[in-house]
Number of protein chains: 2
Amino acid sequence: MLQIATASHSLLEERSPSARDIRHRVLARNAVLFWQDERQPQAIEIVEGTVRAARLWSDGSRQILAFFWPGDIIQAAALQRYTAEAVTRCVLRPRSHEDVGTFESSGTDQALQASICLLAATGKKSATSRMAWFLLQIYEHLPQDPRRAHALRFTIPRNDVADYLGMSMETACRTLAAFRARGLIDLPTRKTICYRDMAQLARVAQSPKWEDAEA
Amino acid sequence: MLQIATASHSLLEERSPSARDIRHRVLARNAVLFWQDERQPQAIEIVEGTVRAARLWSDGSRQILAFFWPGDIIQAAALQRYTAEAVTRCVLRPRSHEDVGTFESSGTDQALQASICLLAATGKKSATSRMAWFLLQIYEHLPQDPRRAHALRFTIPRNDVADYLGMSMETACRTLAAFRARGLIDLPTRKTICYRDMAQLARVAQSPKWEDAEA
DNA sequence: CGTGCCATTGAGTCAATTCAACTTAAGTGG
DNA sequence: CCACTTAAGTTGAATTGACTCAATGGCACG
């Protein structure tokens, strides 16, 4: 199921439909933007969809380093440190270096900061804390669900969540189920999430234990 | 035992002895170079000793992000993302921005790359793999032990190794003990290490299982 | 030459993994 | 539009790796 770093490029890459700006590119789910250790001439802006940055390993495992959301710009580097893939169907816009301009260094800096945060989350805490932290982190990036009020589209498959947080997919499932059981969130559909108790989530993200108000 | 981010600055900072260049600074063990979220006007070159970069958390835990060795230069950033402390007694040399010059962006890049590598190591593998990876990583940085041939000074306390690799100190000890028992390394003294079987170490760093040639 | 910090080892516990079965949703083509 | 096929998600049970707590050993530093 996992693709290894030497596989062929962009498996699905269609030209943009007439309605969109010519310079927009549409990528199908799981298409590859670029591979790790490859030269990447342009910066890329995410217009729609979600992109994952992952480091792939020869043993087939991977570590997802970050997710990119609409408005984010992926910096072109001399040599990319990660593989970028479309989590959902994506609309992208190539950006020249001039467009990006002074963000060059601050962009790298941002990536560094994100890595540090992820390291911290990954480093010590329990699966529960990590998941709570993750849910809080993605909260304002998730698009609304057109079919349900107060519901957001939880666009990232469990698989990817697990590889981001350094846990197995099963643990990711179980943790989400526990959150639902305690009323922190609701999951009307697999790809739909309602945030019910942000304060509680924040508390769980901090301390490794539950110890909640149950009385 | 752990110091929190708001404690007082540089607890031990002596002026350099006459034998050294005036511009050198000597720091005692566990002295602080700078704190996270603090402005740091100058870049710093490590002349002697080892420095750790750590992110400290309010719950008293920490994640060590990287170690710096003689020859490394710590970039001055608008706001430091980590606390830098002396692991051993250190000799430092302040560097102006001009000295560093074009390394500005590549320096940040290096820290980023290190974070990614650490994330990858931390992310999934077993304590055994992580430790093997760590030993390989620090191999060429360790100074020789004057008292024993083929032996290196293992300058980093178990404590710090553990916080770097995201495991408990006890696990770090046990893992090292296992390596010694299997002849991958030798530990004549707590602060001395002999690398015996690099190939085996490399193999262990890859796969999570042992499955060695024991027959 | 104590004395305190760092390191090591043991035992028991628990959280997270693995393996496996099964359910539900999403595609796909007739 | 419906049956079929495949992928994704969920739950259970057993196992184990790493953690915690605790006690001891030893080196280094004053």
Side-chain angles (χ1 to χ4, degrees), chain A residues 1-3 12 28-30 59-61 87-89 121-132 145 147 153-163 165-181 185-193 204 207-211, chain B residues 1-3 12 28-30 59-61 87-89 121-132 145 147-148 153-163 165-181 185-193 204 207-210:
Chain A
M1 201 262 293
L2 258 184
Q3 301 167 46
L12 271 172
R29 209 161 59 90
N30 290 326
D59 65 351
S61 69
V87 176
T88 63
R89 185 176 157 286
T122 280
K124 246 211 147 46
K125 295 157 182 285
S126 65
T128 306
S129 294
R130 276 177 280 166
M131 182 61 79
D145 190 306
R147 275 169 294 203
R153 292 222 31 98
F154 189 22
T155 48
I156 303 174
R158 306 292 134 94
N159 213 352
D160 287 2
V161 175
D163 281 348
L165 297 177
M167 62 180 73
S168 69
M169 202 190 66
E170 293 91 332
T171 302
C173 273
R174 275 185 257 267
T175 309
L176 285 173
F179 284 173
R180 190 183 46 179
I185 59 173
D186 197 8
L187 297 166
T189 297
R190 288 171 169 188
K191 291 219 176 318
T192 310
I193 185 171
V204 172
S207 75
K209 298 276 178 205
W210 286 96
E211 318 298 358
Chain B
M1 200 264 294
L2 258 183
Q3 300 168 46
L12 271 173
R29 210 160 58 89
N30 290 326
D59 64 353
S61 69
V87 176
T88 63
R89 185 176 158 284
T122 280
K124 239 202 152 49
K125 294 157 183 285
S126 65
T128 306
S129 295
R130 276 178 280 165
M131 182 61 79
D145 191 307
R147 274 169 295 202
R148 290 172 171 268
R153 295 232 15 110
F154 189 23
T155 47
I156 304 173
R158 307 288 189 266
N159 212 352
D160 286 2
V161 175
D163 281 349
L165 297 177
M167 62 180 72
S168 71
M169 202 192 65
E170 293 91 332
T171 302
C173 273
R174 275 185 258 266
T175 309
L176 285 173
F179 284 174
R180 191 183 46 180
I185 59 173
D186 197 8
L187 297 166
T189 297
R190 289 172 169 188
K191 291 221 176 314
T192 310
I193 186 170
V204 172
S207 76
K209 297 276 177 206
W210 287 96

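Labels below follow one simple rule: chain letters A, B, ... track the order of the sequence lines, proteins then strands, and each chain is numbered from 1.
- Residues A:D186 and A:R180 have side chains in contact (heavy-atom distance under 4.5 Å, counting atoms from C-beta outward).
- Following rounding to the nearest Å, A:M131 (CE) and C:dA15 (C1') show an atom-to-atom distance of 15 Å.
- Ranking C:dA7, C:dT9, D:dA18 by closeness to the B:A177 side chain, first place goes to C:dT9.
- Nucleotide C:dT18 holds its C1' atom 16 Å from the CE atom of A:M167, rounded to whole Å.
- For the pair A:V87 and A:T155, the tightest heavy-atom approach, listed with the atom from each and the gap, is CG1-O, 3.8 Å.
- If you take CZ of B:R29 and C1' of D:dC29, they are 9 Å apart, rounded to a whole angstrom.
- In this structure, B:I156 places its CD1 atom 15 Å from P of C:dC6, rounding to the nearest Å.
- With rounding to whole Å, B:D163 atom CG is found 15 Å from C:dA7 atom C1'.
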>> Between A:M131 and A:V161, does the side-chain contact (heavy atoms from CB on, under 4.5 Å) criterion hold? Intermediate values first, please.
In response: CA-CA 8 Å; A:M131 182 61 79; A:V161 175; 3.7 Å; yes
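- Partner of B:F154 under the side chain to side chain contact (heavy atoms under 4.5 Å, CB included) criterion, out of B:T192, B:L176, B:T189: B:L176 alone.
- The distance from atom CG of A:N159 to atom P of C:dT17 is 13 Å, rounded to the nearest whole Å.
- When each of B:M169 and A:A127 is assigned the nucleotide of DNA chain C with its nearest heavy atom, B:M169 is the one assigned upstream, toward the 5' end.
- Within the nucleic acid shown, B:R158 comes within 4.0 Å of sugar-phosphate atoms alone, with no base atom in reach, counting heavy atoms only.
- Put simply, B:R180 has a side-chain N or O that comes within less than 4.0 Å of OP1 or OP2 on C:dT9.
- Note on A:K191: every side-chain N or O is 4.0 Å or more away from OP1 and OP2 of C:dA26.
- For the OP1/OP2 pair of D:dC19 and a distance below 4.0 Å, the side-chain nitrogens and oxygens of B:T171 include at least one atom meeting the criterion.
- No side-chain donor-acceptor contact under 3.5 Å links B:R148 to the backbone of B:P188.
- Rounding to whole angstrom units, CG of residue B:L165 and C1' of D:dA18 are separated by 14 Å.
- Proximity note for A:E170 (side chain, C-beta onward) versus D:dT11, D:dT20, C:dA16: the nearest is D:dT11.
- Residue B:R174 places a side-chain atom within donor-acceptor reach of the base of C:dG10, judged by atom type and a 3.5 Å distance cut-off alone.
- Rounded to an integer number of Å, the gap from CZ of B:F154 to P of C:dC6 is 15 Å.
- Across D:dA8, C:dA7, D:dC19, the shortest atom-to-atom separation from the side chain of A:R190 is found for D:dA8.
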